[in-house]
Structures are given as C-alpha cells and as structure tokens.
Amino acid sequence: AWALPIEKEGMNIYSPSLKQEVSYSIILPEGYEHSDIEYPVLYMFHGIGGDYTSWLEYGNVARVMDKMIKKGEVEPFIMVIPDGYLSYYSDTYDGSFLYETFFIKELVPYIDNNYRTRKNVSARSIIGFSMGGFGALSVSLRNRITIYPYRKTIYRRRTTKRMGQSMGTDFRRSRKEWQPASNQLL
C-alpha cells in the first residue's frame, strides 16, 4: 500500500495583528505521527483568487512531495499553506491589514510551537505562485533572520515549437532546448 502524507485543511489560528481567524492547510510527511523527528518547513503562498486549499486542489503538492521524498530528491519536510487573501502577503502602508506581521510574528512561531519543526532559518523556506511569488520574494528578503530565500534558476525555451501545455511549459523536453533566462530568488 502506498501511504501518503497527512493533509490537514481548514486549520485556523487567531491573529491579533489581523484581528481575525486565518485558515491554513498543512501537509505532514509520511510517518510524522509515528516519529519524533523535527522537519524543515516550506511555506507556500497562493496567487490571487486562491486560498489555503489552492496548492492542494490544483497543485497536488502532497503527492509531488511524497514522490520527491521517495526518490531521494528531497528530505521529508512539512508544507504550510496559509490563506493570503488579496494581501500580496505584505503589511498595508496605513497599517489596516498587517499580513506580513502576522506571518512572521504569529504564524511561523505558531507552526514551530505546535508541530515538530527545525526551529532555525536554514530549515524554513518560502515559495509562491503569482501574487504568492511576489509575497515569497518580498517577505523572505525583508525577513532573512526568519525565512531563508529560496533560490532557483528559471529556464526559458529557445524555440517556440511546442511551447506549453495546459498551465505551463512542457519541461519534459530535452535540456538542450533550454537556456538559463536568469538566476533569481523566488
């Protein structure tokens, strides 16, 4: 039998900074409940129109995570997907919606205190899609003592032949057809 990671949707934390409950999803690696291991954490920010369920529903991230772990490509880790609303994961200039404050001062410590995480900056990473990509970049750069910026090379296609499939480019093609576009923090 193929055991999968544990997906928990609709978890909540009350935020004094936001003065409301904030929902999040969490994915715990296979075997989490039967061990005392501390795990690194990947925070995943959704795009506009998404919520704390988007990565689970559209990205199938639990299955992807599990396959990568089983292939030995990554070590087991915890994924946390907070609801980002339309905040761009930033504090508003007028202080009326302090999302980044909530994330750094409330959510990260809450996850560290309630789940078996490695409690250091090198064990926390953040990624995002669209609005979430902006949030991941800006939050990680402004808070390097809390979140480690995720570094990845972005590739673009040399030719326009067979450009994309569905919501992205077909990355199954030969690497010879790709060239580095930039080396950016995501």
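- In this structure, the separation between NZ on Lys8 and CG on Leu56 is 13.5 Å, given to the nearest 0.5 Å.
- Side-chain contact check for Glu38 and Tyr115: no donor-acceptor pair (N or O, by modelled atom type) lies under 3.5 Å.
- Each of Phe134, Tyr43, Tyr99 was checked for a ring pair (Phe, Tyr, Trp, His ring centres under 6.0 Å) with Tyr89, and the lone residue meeting it is Tyr99.
- In this structure, the side chain of His46 does not engage the main chain of Gly128 through any donor-acceptor pair within 3.5 Å.
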Full working for side-chain contact (heavy atoms from CB on, under 4.5 Å) between Lys67 and Glu73:
CA-CA 9 Å; Lys67 284 182 181 180; Glu73 295 172 355; over 6 Å; no
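- With a 6.0 Å radius and a threshold of 12 heavy atoms from other residues, nucleotides or ligands, Tyr14 has its OH atom above the threshold.
- Ring centroid separation for the pair Phe45 and Phe103 comes in under the 6.0 Å cut-off.
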Which is it for Asp83 and Ser23 under the side chain to side chain donor-acceptor pair (under 3.5 Å) test, yes or no, and what are the steps along the way?
CA-CA 6 Å; Asp83 200 337; Ser23 295; 5.3 Å; no
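- Taking a 6.0 Å sphere around OH of Tyr88, one finds it holds 12 or fewer heavy atoms contributed by other residues, nucleotides or ligands.
- Judged by distance alone, with hydrogens and angles left aside, the side-chain atoms of Tyr32 form a donor-acceptor pair with the main-chain N or O of Arg116 at under 3.5 Å.
- Salt bridge absent: Arg118 and Asp112 never bring a charged side-chain N and a carboxylate O closer than 4.0 Å.
- No option in Leu28, Ile37, Asp66, Ile69 other than Ile69 meets the side chain to side chain contact (heavy atoms under 4.5 Å, CB included) test with Pro76.
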